[in-house]
Structure formats: C-alpha cells, structure tokens
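Data first, discussion second: the structure below is written as structure tokens.
In what follows, chains are A, B, ... by sequence order, proteins preceding strands, each numbered from 1. The shown structure was predicted, so the numbers you read here are calculated from the model rather than taken from an experiment.
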Amino acid sequence: MADGKLTPRGEDFSAWYNELVERAQLAEHAPVRGCMVIRPNGYGIWELIQQGLDKMFKDTGHENAYFPLLIPKSFLAKEAEHVEGFAPELAVVTHGGGKELEEPLVIRPTSETIIYTMFAKWVQGYRDLPILMNQWANVVRWEMRTRLFLRTAEFLWQEGHTAHETEAEAEEETLKMLGVYRTFAEEFMATPVITGRKTDSERFAGALRTYCIEAMMQDNKALQAGTSHNLGQNFSKVFDLKFQGRDGTVQYAWNTSWGVSTRLVGSVIMTHSDDNGLVLPPRLAPTVAVIVPIFKTDEEKATVLTAADAILKELKAKGLRVKMDTRDNMSPGAKYYEWELRGVPMRIEIGPKDVAKNTVVIVPRVTIDSEEAPAPGKKQKLFVNIDGLSQKIESLASALQGQLLANALERREANSYRNVKSYGEMCEILDGSGGFVYASWDGTPETEAKVKDETKATIRCIPDPEFTQGLTPGTCIVSGREAKHIAIWSKAY
RNA sequence: CGGGGCGUGGCGCAGCUGGUAGCGCACCUGCUUUGGGAGCAGGGGGUCGCACGUUCGAAUCGUGUCGCCCCGACCA
C-alpha cells in the first residue's frame with residue numbers, strides 16, 4: 001500500500017479524524033446528506049457498547065421496549081421549551097400512501113413525547129411506579145453541519161425513560177444513571193470523564209436539570225459523552241401522566257431521561273488513536289487479537305499454519321475475539337500496518353522460529369508500561385510461551401485497558417487548569433492550546449454568553465466536587481462579581 | 001444560512017488555450033516473493049454529476065441545476 005500514512009494529528013486533527021474513520025473502515029458518508037453508513041468495523045464497536053451498557057441497565061432494574069419512529073407533530077408542541085429546542089432540526093413526514101397526511105408526523109429527534117403519552121395510559125396508582133424503561137433506537141436531527149459519528153443527521157442511541165413517585169426518587173435515578181455512564185466510560189471506553197451539571201443554557205429542552213459526563217479529546221476539546229436529565233413534572237403535566245398516591249391524592253409523576261449515542265464511537269477514536277490509526281480499548285475491540293502467520297517455504301507454511309490454527313482454536317474456545325489473517329497475497333509487514341490502522345489491540349506473530357521455541361511474539365497496539373520496555377524507537381515485542389497463551393492475552397488485554405485509561409487521564413490532567421488568575425489568562429489558554437479551565441463563575445447567563453462570544457468556549461459543566469480539588473467559588477473570573485460556582489470552560493464538539 | 005472547495009474507472013488525481021480519456025493505488029491471471037507497507041509480465045473496468053446551449057466536433061467553453069466535502073453561526 002503506497003497510499004501511506006494518515007495526516008498527523010498535530011498537523012490537522014480534523015483531517016486526521018476523517019481519514020482515520022474512512023481508512024479504518026469504521027464508517028463513511030451515505031448518499032444522503034449528513035447521514036453515515038456504519039461499516040462492520042465501526043458497528044462492531046457499537047455492538048460492544050450496547051452489550052456493555054445494556055447489561056448495566058438491566059442490572060439497575062431497567063427493561064427494554066420499543067416506541068415508533070414517527071410521532072404526531074402535535075405531541076412535540078405540547079411542551080413549550082421542548083418544541084422550541086427541537087423544531088429547527090425536525091424532519092417531517094407529510095405524505096403516506098400517496099396522500100397528504102391529515103397531521104404531519106415528525107421523525108423522532110428524541111422520544112419523550114410519545115413515551116410519556118404511553119406511560120400515562122399505564123399508570124393509575126402509585127403501585128404502577130416506578131417505570132424503568134430503555135429503548136435502543138435511531139433518531140433524526142437535521143443538523144446543519146455533520147461529522148461522522150460525532151454529529152450525523154441520523155444516529156443510533158439509547159434513551160432511558162423513567163417515571164417515579166417522588167422528586168427525590170427521580171433525582172436519585174438521574175444521578176444513578178449518570179454514574180452508570182461514568183463507570184461505563186472508565187471501564188469500557190478507558191475514558192476518564194468529568195461528571196457535573198449543565199448550566200441553564202446547555203440544559204436539555206424541557207428538563208429541570210441536566211447532568212453530563214464530559215471527556216477531553218486529544219485536541220484538548222471537550223466532548224459531551226452522555227447526559228442524564230431530571231425532567232421534573234414538566235412532561236407528566238402536559239401528557240397527563242398522573243397517579244393516585246399513597247395519601248389518596250392525584251399527583252403528577254416525576255420523570256427522568258438519559259442517553260448516549262454512536263457519538264461514543266467518535267469519542268473512543270479521538271481519545272486513544274494515534275498517527276498510525278485507530279487504537280481501541282480491548283473491551284470495545286471487535287477483534288482483540290489478530291494472528292499473523294509468517295513463513296517462506298511450503299514446509300514452513302504447513303508447520304506454522306498447523307500451530308497457528310491450534311492457537312486460534314484454543315483462544316476462540318476460551319471466548320477471546322481472535323482472528324487469523326491467512327491472506328497469502330500480502331506480506332506480513334503490510335498486514336501489520338493494516339491491523340494497526342484498524343485498531344486491533346494485539347498482534348500475535350507466529351513464524352518458524354516461534355514454532356520451534358513453542359512461543360509467539362505479541363505486539364500490543366500501544367506500549368504497556370508494566371511489561372518489558374521496547375528497544376528505543378521500536379515497538380514493544382513480548383515473547384510469550386504458547387502454553388498458557390490465553391491467560392497471557394487476557395492479562396495483557398486488561399493491562400492495555402488500564403494503560404489507555406491511565407494515558408488518557410494523564411493527558412486530561414496535563415491540560416486542565418485549576419489556578420488561572422485572570423480572564424486574560426483564561427482566554428489565552430482557550431484560544432491557544434485549549435483544555436479545561438476551572439474557574440469561578442457568577443452564575444449568570446450573561447457572563448456565560450460573553451465568554452462564548454469572545455472565546456467560543458462554553459461552560460461544559462459545573463463539576464462535581466471531586467474534580468475541583470478543593471477550589472471554592474471566590475469572585476467570578478470574568479465579571480469580578482461574587483461567584484456561585486466553579487465551572488469548567490472549554491471549547492467543545 | 002454565510003464563506004471556500006470539489007464532482008472524470010472502486011479510491012485518489014491529471015487532462016480543461018475544444019479533436020472523442022490517462023496516471024497511481026486497488027482489482028483479475030501467472031511466476032518469483034513473504035520476520036515492518038514485495039517484484040516482474042499480462043489483463044479487465046469510465047457515454048467525465050445532470051440538463052440545456054455554443055460548435056463540424058464538448059470532460060474541456062457558456063448558462064442552469066443537483067449533490068457532496070471543509071471552515072463559521074446552531075446542536076448529542
């Protein structure tokens with residue numbers, strides 16, 4: 001392959017990302033504007049995300065259901081803030097069966113309105129609560145500008161929707177699911193995230209409060225990776241979702257909704273990958289290890305393939321997602337480059353020398369600090385005995401997973417600023433290298449808007465205390481007024 | 001929606017002072033190769049986004065149109 005290398009991240013991060021997504025065959029642009037085709041390499045990542053999250057949802061008592069793609073337009077209009085938030089990006093179906101519809105149907109941009117309409121039918125008394133539901137679905141938002149995985153006109157996501165008896169219970173659920181997202185980000189995506197609350201201007205249209213997880217990408221921009229909303233009684237009141245309480249009075253239910261999307265795939269890409277291509281945390285890698293057999297003569301081919309086949313069978317039997325690359329029209333070197341581009345966490349090389357020694361060579365996609373250091377300028381190569389190979393691969397996968405999380409955390413903290421003294425200094429950071437600036441905020445939307453105007457940075461969230469490292473609100477870094485919160489400012493996707 | 005760019009074999013591009021299409025990669029066949037992107041030989045594949053116009057003749061010039069990408073404002 002002479003078409004060579006990706007544009008380096010340092011040269012043009014955006015070009016690097018686009019080339020990587022296409023070259024690693026994760027996704028490409030569909031014939032329809034703003035839409036993407038998710039190819040098997042990319043969809044495999046999403047499937048693992050789904051599996052991981054779905055289990056966590058079930059473990060916390062949620063059930064899956066499915067609601068229709070099409071929603072009567074009037075449903076959206078019932079919640080004022082909600083319709084205002086979504087109206088500009090709706091796709092609307094006006095015809096069906098060759099006739100104009102009496103009422104236009106919108107393609108769901110999110111499903112609160114239809115789901116709470118149905119909840120209202122299912123709930124009579126407090127014993128019908130809580131409802132803890134989730135759906136895996138596609139939604140459409142007619143975005144002006146799109147980027148593969150990060151923002152597409154149609155995307156895949158899950159949306160959890162719950163109804164509760166009390167406000168406290170709803171708040172607990174909102175925070176519980178935010179916690180689920182955080183755990184998932186850290187344990188599966190190897191991505192450290194900040195948990196916190198959105199400001200009013202960034203709050204979900206129709207929510208009382210929106211909480212989020214925010215991650216930092218390699219270009220030091222923030223990416224909102226997931227949100228969890230306490231909807232209060234805003235939707236239950238307009239959709240008449242009420243129940244008779246323990247005290248006999250009729251009350252409106254308290255709702256929450258929470259979601260993550262295929263954007264997480266983009267997040268994983270931009271968090272870990274390098275100039276050689278995709279880097280995937282093993283837990284989200286459709287293929288954890290690829291075996292590349294090496295041989296010259298026919299006799300060597302026979303012995304190597306016999307040994308490699310046995311290894312493949314053994315590893316598969318142990319439940320490992322392993323492949324063998326038996327293509328004979330490609331040199332081993334070319335295969336190495338290709339599998340690195342595709343982000344396979346480990347390569348297993350096996351040649352005549354290895355077979356003779358009953359070993360293989362394992363090359364991890366990124367250097368693992370706890371293993372023997374690589375020679376200067378070289379890739380880390382681990383010589384591993386074939387006996388007990390599956391355990392070794394599992395332990396390496398686990399080490400790699402931890403390594404990626406540690407690398408990402410180190411990078412995020414190296415680009416986090418908690419002692420910025422002035423607004424000028426803050427602008428310098430935001431306009432320069434970027435990153436997360438923790439600073440006091442007076443809590444007003446005017447201040448927020450001013451910073452956005454002047455720097456294009458927004459308040460990503462009001463972080464939970466564990467992230468502020470003892471900082472307390474003093475005077476607002478922008479206005480000089482008394483501050484209400486420590487906020488994180490950053491440019492964002 | 002504003003600014004920029006691009007539509008030519010699967011992909012990336014050249015050809016654009018008009019004369020009926022070419023290069024690299026990929027693909028197919030054969031032989032030699034294979035521990036970090038193999039070599040040689042042969043071969044298949046495109047009515048140049050679409051429409052109209054100018055012309056003896058249009059990938060090339062003109063008008064229109066559709067689409068996509070990138071940068072900005074808006075958003076997961």
Side-chain angles (χ1 to χ4, degrees), chain A residues 1-5 7 12 14-15 17-19 22-23 25 28-36 84-90 109-110 138-159 181 198 201-205 210 212-215 222-229 257-267 276-277 292-298 300-301 304 325-341 347-355 360-361 363 377-379 381 383 452-453 456 458 460 491-493:
Chain A
M1 272 186 20
D3 48 329
K5 297 179 190 319
T7 300
D12 185 343
S14 183
Y17 177 82
N18 290 329
E19 290 171 20
E22 288 220 16
R23 294 265 305 276
Q25 298 181 7
E28 58 188 77
H29 294 279
V32 180
R33 190 198 81 95
C35 293
M36 68 173 163
E84 195 188 326
F86 284 105
E89 52 193 50
L90 291 180
T110 178
N138 57 339
V139 290
V140 168
R141 298 181 188 177
W142 215 259
E143 299 291 349
M144 294 192 179
R145 222 182 115 205
T146 58
R147 299 193 67 191
L148 294 174
F149 290 116
L150 299 176
R151 182 172 299 103
T152 45
E154 178 191 11
F155 57 95
L156 307 182
W157 77 343
Q158 60 68 218
E159 48 181 324
Y181 288 156
K198 285 292 185 190
S201 68
E202 301 269 328
R203 184 170 44 81
F204 175 72
T210 290
C212 63
I213 53 171
E214 292 282 330
L223 184 92
Q224 178 177 305
T227 47
S228 184
H229 316 292
S257 70
W258 25 274
V260 299
S261 71
T262 33
R263 171 176 256 206
L264 292 186
V265 178
S267 175
N276 295 322
V292 179
I294 299 155
F295 47 80
K296 287 192 171 76
T297 64
D298 282 349
E300 284 178 353
K301 181 174 178 178
V304 167
D325 188 345
T326 53
R327 290 175 293 181
D328 58 5
N329 59 338
M330 241 176 136
S331 68
K335 292 179 182 177
Y336 300 166
Y337 279 100
E338 185 178 308
W339 292 111
E340 280 166 19
L341 175 65
R347 174 172 81 236
I348 302 171
E349 301 174 13
I350 178 163
K353 293 182 222 162
D354 303 296
V355 176
V360 294
V361 178
V363 181
K378 295 271 175 87
K379 292 243 173 222
K381 289 197 170 197
F383 297 86
K452 188 174 180 179
D453 245 28
K456 286 171 189 152
T458 49
R460 300 319 305 155
K491 288 187 185 173
Y493 278 95

Candidates A38(B), U34(B), G35(B) - which lies nearest the side chain of P352(A): G35(B)
Among the nucleotides G36(B), C27(B), G35(B), whichever has the atom closest to the side chain of Y337(A) is G36(B)
[X] [atom1] to [Y] [atom2] distance, which is reported to the nearest 0.5 Å:
X: L156(A); Y: M36(A); atom1: CG; atom2: CE; result: 6.5 Å
X: L150(A); Y: S261(A); atom1: CG; atom2: OG; result: 9.0 Å
X: E338(A); Y: R327(A); atom1: CD; atom2: CZ; result: 4.0 Å

Considering only atom [atom1], compute the distance from [N] to [M] and round it to an integer number of Å.
N: C11(B); M: G49(B); atom1: P; value: 13 Å
N: G9(B); M: G15(B); atom1: P; value: 16 Å
N: A21(B); M: G37(B); atom1: P; value: 39 Å
N: C13(B); M: G36(B); atom1: P; value: 32 Å
N: G3(B); M: C56(B); atom1: P; value: 39 Å
N: U60(B); M: C50(B); atom1: P; value: 10 Å
N: G24(B); M: U33(B); atom1: P; value: 26 Å
N: G7(B); M: G12(B); atom1: C1'; value: 14 Å

ring-ring contact (aromatic ring centres under 6.0 Å, His included) partners for F86(A), two or more places apart: H82(A), F204(A)
Non-neighbouring partners of R145(A) that pass side-chain contact (heavy atoms from CB on, under 4.5 Å), sequence neighbours left out: none
Can Y336(A) be classed as stacking with the base of G36(B), given a centroid separation cut-off of 5.5 Å and a plane angle cut-off of 30°? no
Donor-acceptor contact present, side-chain [X] to main-chain [Y], <3.5 Å:
X: R347(A); Y: V363(A); result: no
X: K335(A); Y: D325(A); result: yes
X: Y337(A); Y: N276(A); result: no

Pick from V260(A), T262(A), N138(A), T110(A): which one makes a side chain to side chain contact (heavy atoms under 4.5 Å, CB included) with W157(A)? T110(A)
Whole-Å distance between [N] [atom2] and [X] [atom1]?
X: D328(A); N: G30(B); atom1: CG; atom2: P; value: 11 Å
X: K381(A); N: G35(B); atom1: NZ; atom2: P; value: 11 Å
X: W339(A); N: G37(B); atom1: CH2; atom2: C1'; value: 15 Å
X: F383(A); N: G35(B); atom1: CZ; atom2: C1'; value: 10 Å
X: E28(A); N: G10(B); atom1: CD; atom2: P; value: 14 Å
X: K301(A); N: U33(B); atom1: NZ; atom2: C1'; value: 13 Å
X: D354(A); N: U34(B); atom1: CG; atom2: P; value: 17 Å

Mind checking side-chain hydrogen bond (donor to acceptor under 3.5 Å, both in side chains) for S201(A) and listing every partner two or more places apart, or none if nothing turns up? T199(A), E448(A)
Please write out the pairs of protein N or O atoms and N or O atoms of nucleotides 2-6 of chain B separated by less than 3.5 Å, giving the distance to one decimal.
none

What is the nucleic acid contact for [X], judged by heavy atoms within less than 4.0 Å: base, sugar-phosphate only, or nothing?
X: E340(A); value: base
X: V361(A); value: base
X: P88(A); value: nothing
X: L150(A); value: base

How does RNA chain B read in dot-bracket, base by base from 5' to 3', with Watson-Crick or G-U pairs under 3.5 Å and | used when the partner is on another strand? ((((((((.[[[[.)...(..]]]].((((((.....)))))).....[[[[[..)....]]]]])))))))....
Please figure out whether I350(A) or E202(A) has its closest RNA chain B nucleotide nearer the 5' end. I350(A)
Where each residue is assigned the nucleotide of RNA chain B containing its nearest heavy atom, which of E154(A) and V363(A) is assigned the position nearer the 5′ end? V363(A)
Mind running salt bridge (charged side-chain N to carboxylate O under 4.0 Å, His left out) on K198(A) and E214(A) for me, showing each step along the way? CA-CA 10 Å; K198(A) 285 292 185 190; E214(A) 292 282 330; 2.7 Å; yes
Between protein and nucleotides 67-74 of chain B, map the contacts as a letter string: B base, S sugar-phosphate only, - none, heavy atoms under 4.0 Å, written 5' to 3'. -SSSBBBS
